[in-house]
Protein chains: 2
Amino acid sequence: MTIENIIEEKNLKLTVARRELLGILHAHNRPLCFEDIKEKINMDKATFYRNISKFEEEAIVNSFESNDKKRYYEMQEFPHAHFICNTCNAIECLKNIEPINLEGYIITDIIFKGICKGCKHEEE
Amino acid sequence: MTIENIIEEKNLKLTVARRELLGILHAHNRPLCFEDIKEKINMDKATFYRNISKFEEEAIVNSFESNDKKRYYEMQEFPHAHFICNTCNAIECLKNIEPINLEGYIITDIIFKGICKGCKHEEE
DNA sequence: TTCTTATGTGCAACTTAGTCGCATTTTATA
DNA sequence: TATAAAATGCGACTAAGTTGCACATAAGAA
Ligand SMILES: [Mn+2]
Ligand SMILES: [Mn+2]
Ligand SMILES: [Zn+2]
Ligand SMILES: [Zn+2]
């Protein structure tokens, strides 16, 4: 699925900014925040946020808050949980954990916080 | 355990601001953000944040980020997960779910996001 | 290919959470 | 009551995110 196909499928205009932005999210397979992305793009931050919102509306991108008061964005694949390390601030996609359900609730997102494998090792 | 005892136990000075702040967190048994608290207190926001940080260092208070880019604070009891509703933005403390562990990681915090019982009902 | 228009973009101004340095006040203790 | 360490208020600052508006551009019609 190319970026052009994704945009066309959702009936969005294919602009320079959108191609650039989706290209970056597609190329990195980890969640990125505005700070990570801004140095890689030319568009104004208003354009960044307006496009990101549109991508989220259209379920092209999803996002979550981290520890650092920043929102992180990634291409939406299948839903999966994230682990945020309190020590090194790394964010990991947990794509292989078994599903959790809470009676009566609909869960769309799970964020675990704590100490990642790497940092746990160094602590010893 | 009174507020005075808690402060004394951690060797902190018992100031007017600290008594006020802990009193509010103690009285509400739900997580509160600065916006919730500011109308109830007299202290400057710098004092608020400095004290909250100290309380977190001393494990009197714990906190997490919500959907709204605000950090929510609560008195630290036993560790428990939280559910944040994407529809009504309510935050619920999940004190009765069975523990989850991820091989190799230390989990200190779990945040579920999705649709709460109430909002799920209304959807139907 | 050119025209038309809805849509997208850049810019500047704004809001709000949170941080920091510094002068002044308050607490705990002797 | 005197003292010193710690806490506070204030003002300035940073950075994420939002909004209104004038101008630019993508996409479809002619
Ligand atoms: Mn992910
Ligand atoms: Mn709680
Ligand atoms: Zn780590
Ligand atoms: Zn709800």
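Just so we're clear, the structure is a prediction, and the values are computed from it rather than from any experiment. Side-chain atoms are counted along with the backbone in the values below, which use heavy atoms only and exclude waters and symmetry mates. Letters go in sequence order (proteins before strands), and every chain restarts at 1.
Looking at which nucleotide of DNA chain C each of R50(B) and K13(B) is closest to, the 5′-most match is held by R50(B).
Proximity of N11(B) to the phosphate of dA28(C): no side-chain N or O atom is located under 4.0 Å from OP1 or OP2. Between Y49(B) and dG18(C) there is a side-chain N or O to OP1 or OP2 distance below 4.0 Å. Residue K69(B) has a polar side-chain atom (N or O) positioned under 4.0 Å from OP1 or OP2 of dG17(D). Regarding contacts with the backbone of dA7(D), a side-chain N or O of R18(B) is found under 4.0 angstrom from either OP1 or OP2. OP1 or OP2 of dA7(D) lies within a sub-4.0 Å distance of a side-chain N or O belonging to K54(B).
Using bins of under 30°, 30° to 60° and over 60° for the plane-to-plane angle, the ring pair F64(B)/H82(B) lands in the parallel bin.
Note on R71(B): only backbone sugar-phosphate atoms sit closer than 4.0 angstrom, heavy atoms only; bases stay farther off. Residue contacts shown for K45(B) include a base, since a base heavy atom lies under 4.0 Å away. A17(A) comes within 4.0 angstrom of sugar-phosphate atoms only, judged by non-hydrogen atoms across all strands, and of no base.
Environment of CG in N5(A): crowded, with over 12 heavy atoms of neighbouring residues, nucleotides or ligands closer than 6.0 Å.
Under 4.0 Å is where a charged nitrogen must lie from a carboxylate oxygen, and between K117(A) and E92(A) no such pair does.
Rounded to whole Å, the distance from CZ on F48(B) to P on dT19(C) is 10 Å.
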